[in-house]
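First up is the structure itself, then whatever we jot down about it.
Proteins come first, then strands; the chains are lettered A, B, ... in the order of their sequence lines, and each starts at number 1.
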Amino acid sequence: MAYWLMKSEPTTYSIDDLAQARGKKGFWDGVRNYQARNFIRSMQPGDLAFFYHSSCKVPGIVGIVQVTQSPRPDETAFDPASAYFDPDSKPENPRWFGVDIQLVEKLPEIITLTELRHHPALSELQLLKRGNRLSVMPVTKVEWRVILDLHQ
DNA sequence: GCCAACGTTGGC
DNA sequence: GCCAACGTTGGC
């Protein structure tokens with residue numbers, strides 16, 4: 001089982017949107033970056049991910065989600081009306097993928113980006129690397145544990 | 001295949 | 001709103 005970190009802009013899709021969705025389930029889509037796409041395609045049911053709020057007043061980890069199914073084609077790429085439309089992605093040969101997730105837990109308190117930056121054991125966290133812009137990235141088991149323990 | 005121009009991301 | 005960093009595009 002693998003661990004991940006997924007970013008979302010709360011004005012677009014927040015942890016509360018997921019919490020209020022039916023079954024607390026959602027489909028993570030709209031990723032249009034090949035490296036991120038490759039990470040998505042390597043996800044497996046049961047994988048866990050931190051849900052991260054980006055581009056907002058206080059960026060940070062706000063919850064934990066679980067991958068419920070194998071990744072599947074991102075259909076927003078086929079929809080000309082969608083902001084994520086990509087005419088080069090065809091249903092018979094999809095270029096972009098998304099993944100089904102379910103909320104496991106909304107954290108009682110946000111673990112802020114500042115806190116993450118502060119912890120020496122997280123110096124190698126992809127999120128903190130210079131110039132990082134990926135919307136989804138792997139987290140090691142050790143990092144996962146350290147982050148969860150931050151608020152213990 | 002190079003690289004300049006451009007668009008996007010995302011923290012501050 | 002600024003701007004650094006980075007990916008993508010397209011001319012050559």
Side-chain angles (χ1 to χ4, degrees), chain A residues 2-21 26-43 47-67 71-151:
Chain A
Y3 299 96
W4 307 94
L5 183 144
M6 298 166 137
K7 294 183 191 170
S8 188
E9 299 188 19
T11 53
T12 303
Y13 192 83
S14 74
I15 189 83
D16 290 318
D17 291 327
L18 181 60
Q20 284 157 26
F27 186 60
W28 175 270
D29 60 13
V31 170
R32 296 292 179 271
N33 170 286
Y34 286 102
Q35 204 181 339
R37 189 275 311 268
N38 292 342
F39 283 140
I40 288 174
R41 285 204 300 200
S42 70
M43 289 180 174
D47 283 3
L48 292 170
F50 287 127
F51 194 97
Y52 178 92
H53 279 173
S54 69
S55 291
C56 54
K57 200 158 189 175
V58 183
I61 293 168
V62 290
I64 296 168
V65 301
Q66 186 160 39
V67 174
R72 54 188 171 89
D74 180 349
E75 299 192 0
T76 61
F78 311 142
D79 177 8
S82 169
Y84 301 123
F85 177 58
D86 179 359
D88 294 330
S89 182
K90 307 290 186 190
E92 61 273 17
N93 185 24
R95 171 178 293 185
W96 306 113
F97 288 75
V99 71
D100 293 278
I101 57 172
Q102 182 170 32
L103 183 65
V104 173
E105 179 193 5
K106 180 183 169 180
L107 296 181
E109 257 195 310
I110 183 171
I111 300 175
T112 66
L113 177 59
T114 308
E115 287 177 77
L116 297 174
R117 282 200 197 285
H118 249 265
H119 202 291
L122 298 175
S123 61
E124 294 303 306
L125 192 68
Q126 291 254 1
L127 179 75
L128 306 181
K129 291 294 178 81
R130 197 172 59 112
N132 158 70
R133 286 171 23 185
L134 283 181
S135 54
V136 52
M137 64 198 79
V139 172
T140 69
K141 188 168 188 171
V142 171
E143 288 164 344
W144 181 271
R145 194 69 249 164
V146 168
I147 291 169
L148 281 183
D149 284 346
L150 281 179
H151 281 193

*Flag the pair Val65(A) / Leu103(A) as yes when at least one side-chain heavy-atom distance between them is below 4.5 Å, and no otherwise.*
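Side-chain contact under 4.5 Å: yes.
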*Compute the ring centroids of Tyr34(A) and Trp96(A), then answer whether they are less than 6.0 Å apart.*
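Between Tyr34(A) and Trp96(A), the centre distance is under 6.0 Å.
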*asked:* Mind checking if Arg32(A) touches a base, just sugar-phosphate, or nothing, with heavy atoms under 4.0 Å?
replied: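 No contact.
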*Earliest and latest nucleotide of DNA chain B, 5' to 3', sitting under 4.0 Å from a non-hydrogen atom of chain A?*
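On DNA chain B, the outermost contacted nucleotides are dG7(B) to dC12(B).
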*Does the distance from a Lys or Arg side-chain N to an Asp or Glu carboxylate O, for Asp74(A) and Arg32(A), drop under 4.0 Å?*
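So Asp74(A) pairs with Arg32(A) through a salt bridge.
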*How many angstroms lie between NZ in Lys141(A) and OH in Tyr3(A), if you round to the nearest 0.5 Å?*
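It is 5.0 Å, given to the nearest 0.5 Å.
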*Kindly indicate whether a cation-pi arrangement holds for Arg72(A) with Phe27(A), taking the cut-offs as under 6.0 Å to the six-membered ring centre and within 45° of the axis.*
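Here Arg72(A) passes the 6.0 Å and 45° test against Phe27(A).
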